Amino acid sequence: MILISSDMQPFSPERSADVRKATGQLRQAAQERHIMVGSAVRDFPLRFSSRYRRLLGGEFNMLTPENAMKWDVVHPQRNTYNFSQADRIVDFASKREFAVRGHTLVWHKALPSWLTKGNFSPDELRSILKDHITTVVGRYKGKVYVWDVLNEIINESGQFQPSIWHTALGEQYIADAFRIAHQADPSAKLFYNEAGAEGLTPHTDAVYELVRKLRSQGVPIHGIGFQMHIDAVEGLDYEGIRKNLERFSKLGLEIHITEMDIKVQDLPGTMEERLKVQAEMYRKIMQVASSIPNFKAWVQWGLTDKFSWITDSLPAGKKDSPLIFDKYFRPKEAYFSMTDTLRRGRKPGGK
Ligand code: XIL
């Protein structure tokens with residue numbers, strides 16, 4: 001057995017056949033472009049896998065707790081908060097000087113049943129929401145760099161997503177949520193994070209209108225997060241994405257890619273062929289994103305294919321590999337295509 005010092009080797013591939021090593025190249029290339037690179041993080045492997053901690057610590061400088069800050073985890077009863085998972089993740093981040101993307105304060109999912117089944121009046125809900133945002137944001141004041149204040153509030157047809165918040169409180173809760181968060185931590189950046197809003201569609205037109213209105217009303221919203229859960233078989237309109245990101249950037253908003261992964265389970269061909277298609281998609285999305293002036297952060301929705309919500313719930317008979325490290329923690333083609341793209345863009349006039 002060969003023992004390699006962890007200082008030299010930020011991850012330990014299980015198969016020696018793969019000779020290419022990831023050594024923080026992505027983070028370094030991104031840093032040179034003033035872009036943060038991150039991963040969604042789970043409490044369990046962070047606690048129990050040193051390999052997970054090493055890879056995360058060696059390759060990224062930002063993280064998002066994947067589930068640990070959601071309502072059902074941090075606020076399991078009306079008068080009980082539980083920050084044990086979130087605290088551990090934020091501690092890791094503080095020690096490594098990682099930026100934290102807090103995720104998420106207002107969403108229609110991951111809500112505890114005391115809340116969804118509580119038959120609360122609008123006034124009660126307003127005060128519950130205020131207490132939640134004030135408590136959670138307050139706890140991590142100065143430690144969370146950016147909060148996803150709103151998550152997925154407009155649906156594909158451009159309508160407000162039904163939720164307990166919207167149904168009881170109407171549109172007003174949106175501006176209120178930003179203001180309350182701002183009061184709890186005036187230095188945190190406040191974002192609206194949306195799913196499927198990458199391209200130019202009626203959905204994104206509605207998102208754009210909402211954000212434009214909030215900005216014009218002086219609501220403290222500083223950025224927009226594009227989740228980017230991509231299905232490779234559907235393809236992408238890169239020019240549409242570029243134009244879309246550009247228009248949000250022109251509003252003066254910071255742009256983050258917040259939940260990047262690319263499903264390949266329905267692509268034809270061998271897994272090797274599919275991963276080549278995937279790597280090209282990662283490359284092109286990075287090309288587009290890094291050409292946008294206010295683009296500041298790229299977050300993978302999971303560290304490795306071993307810990308992904310896509311591979312967690314695969315339909316029978318399907319295989320997938322949506323992230324940039326495989327299930328053995330080895331860097332994939334996508335890792336190198338992204339790194340390469342960032343490096344090329346570094347040259348003067350090379351953007
Ligand atoms: C997902 C997590 O990855 C899963 O582990 C969990 O079971 C469900 O939520 N959009 C979001 C994320 O904003 O919070 C979701 O995360 C994925 C879709």
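Just so you know, ligand 1 is whichever comes first in the structure, and atom 1 is the first atom listed for that ligand. Heads up: numbering here begins at 1 and tracks the sequence. Just so it is clear, the model here is predicted, and its values are computed rather than measured.
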Novice: Under a heavy-atom criterion of less than 4.0 Å, does E152 contact ligand 1?
Specialist: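 Under 4.0 Å: yes for E152.
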Novice: Indicate, with yes or no, if V146 and L253 share a hydrophobic cluster defined by side-chain heavy-atom contacts under 4.5 Å among Ile, Leu, Val, Met, Phe, Trp and Tyr.
Specialist: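 Different clusters.
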Novice: Should the pair F48 and F44 be assigned to parallel (<30°), tilted (30 to 60°) or perpendicular (>60°) ring geometry?
Specialist: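 Tilted, since the angle between the ring planes falls between 30° and 60°.
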Novice: Parallel, tilted or perpendicular: which fits the ring planes of Y173 and H166, with parallel below 30° and perpendicular above 60°?
Specialist: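 Perpendicular, since the angle between the ring planes exceeds 60°.
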Novice: How close do A40 and E66 get, heavy atom to heavy atom, and via which atoms?
Specialist: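 The pair with the smallest heavy-atom distance is CB-CB, 4.0 Å.
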Novice: Going by distance alone, is a donor N or O of one side chain under 3.5 Å from an acceptor N or O of the other, for Y282 and Q300?
Specialist: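 Short answer, yes.
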Novice: If we only count N/O pairs under 3.5 Å, is E259 in contact with ligand 1?
Specialist: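 Between E259 and ligand 1 (N or O atoms, distance only) the closest approach is under 3.5 Å.
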Novice: Below a 4.0 angstrom heavy-atom separation, can you tell me which part of K109, side chain or backbone, both or neither, approaches ligand 1?
Specialist: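 For K109, there is no contact with ligand 1 at all, from either part.
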Novice: Of the side chain and backbone of N151, name the one, both, or neither that has a heavy atom under 4.0 Å from an atom of ligand 1.
Specialist: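 Contact part for N151 vs ligand 1: side chain (C-beta onward).
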Novice: Give yes if a backbone or side-chain nitrogen or oxygen of E66 is under 3.5 Å from a nitrogen or oxygen of ligand 1, and no if not.
Specialist: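 Between E66 and ligand 1 (N or O atoms, distance only) the closest approach is under 3.5 Å.
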Novice: Do other residues, nucleotides or ligands put more than 12 heavy atoms under 6.0 Å from E124 CD?
Specialist: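 Enclosed.
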Novice: Just need the protein heavy atom nearest to atom 15 (C) of ligand 1, so name the residue and atom and give the distance.
Specialist: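 Going by distance alone, atom 15 (C) of ligand 1 is nearest to K70 NZ, 3.8 Å.
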Novice: Which atoms from ligand 1 have a heavy atom of H103 less than 4.0 Å away?
Specialist: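 Under 4.0 Å from H103, ligand 1 has these atoms: 11 (C), 12 (C), 13 (O), 14 (O).
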Novice: Considering only protein heavy atoms, which is closest to atom 5 (O) of ligand 1, and at what distance to one decimal place?
Specialist: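 Answer for atom 5 (O) of ligand 1: N67 ND2, 3.0 Å.
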